[in-house]
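Written out below as structure tokens is the structure these notes cover.
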Amino acid sequence: MALPAPTPDPARAPDPGRADEQPTATWHIGVDVDLATSLALARAATRALLELSPLAHREMVAALEHEIEVLERQSDPLSLAAANAVRQYLPEAA
């Protein structure tokens with residue numbers, strides 16, 4: 001039996017003018033920007049290492065495979081999703 005969808009409470013609806021909610025929104029934006037920046041830098045560093053030399057390429061592929069194994073052993077949904085994302089990058093690296 002499906003549960004009914006919760007009815008929004010107008011008293012709890014976010015008010016863009018409320019000062020106490022602005023820091024949370026700003027924090028989320030900051031985290032998103034930091035995450036996107038980190039991912040872009042990691043991809044660039046990975047590409048650079050893969051092109052550096054055959055040894056660097058082999059070591060980078062081995063490191064990516066190791067990361068996949070570690071993430072899969074953790075077996076929580078977030079780690080498994082990350083392992084799948086890294087696994088999708090692996091053929092590009094190989």
Side-chain angles (χ1 to χ4, degrees):
M1 175 159 125
L3 296 173
T7 306
D9 180 5
R12 297 196 40 88
D15 178 6
R18 286 187 52 187
D20 61 337
E21 291 179 3
Q22 293 303 322
T24 302
T26 302
W27 182 85
H28 283 288
I29 292 169
V31 168
D32 289 345
V33 169
D34 286 349
L35 180 60
T37 303
S38 296
L39 291 173
L41 292 171
R43 282 191 300 269
T46 300
R47 267 189 243 107
L49 286 171
L50 288 169
E51 294 177 12
L52 190 60
S53 71
L55 176 60
H57 186 277
R58 188 170 56 242
E59 291 299 318
M60 192 63 177
V61 169
L64 290 170
E65 290 170 342
H66 175 73
E67 277 304 310
I68 291 169
E69 291 172 10
V70 169
L71 289 165
E72 287 178 336
R73 275 196 305 263
Q74 292 174 2
S75 72
D76 62 276
L78 186 59
S79 295
L80 293 174
N84 285 332
V86 174
R87 184 177 290 108
Q88 289 175 4
Y89 184 75
L90 199 54
E92 193 176 307

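Note: hydrogens, waters and symmetry copies are ignored here, and every other heavy atom, side chains too, is used. Bear in mind the structure is a predicted one, so any value in this text is a computation, not a measurement.
To the nearest 0.5 Å, the span separating OG1 on T37 from CG on D32 amounts to 10.5 Å. For the atom pair Q74 CD and E69 CD, the distance stands at 12.5 Å (nearest 0.5 Å). If you take OG1 on T24 and CD1 on I29, they are separated by 11.0 Å, rounding to the nearest 0.5 Å. The line from CE of M60 to CZ of R47 is 11.0 Å long, rounded to the nearest 0.5 Å. Note that CZ of R73 and CG of L80 are 12.5 Å apart. Values are rounded to the nearest 0.5 Å. For the atom pair CG of L71 and CZ of R87, the computed distance is 9.5 Å after rounding to the nearest 0.5 Å.
In this structure, the side chains of R58 and V61 stay at 4.5 Å or more apart for every pair of heavy atoms.
Under the 3.5 Å distance criterion, the side-chain polar atoms of T46 are matched with a main-chain donor or acceptor of A42.
Nearest approach of L49 to A56, heavy atoms of both residues: O-CB, 3.3 Å.
In this structure, L39 is not a member of the same hydrophobic cluster as L64, with clusters built from ILVMFWY side-chain heavy atoms closer than 4.5 Å. One hydrophobic cluster holds both L50 and L52 under the rule that ILVMFWY side chains link at heavy-atom gaps under 4.5 Å.
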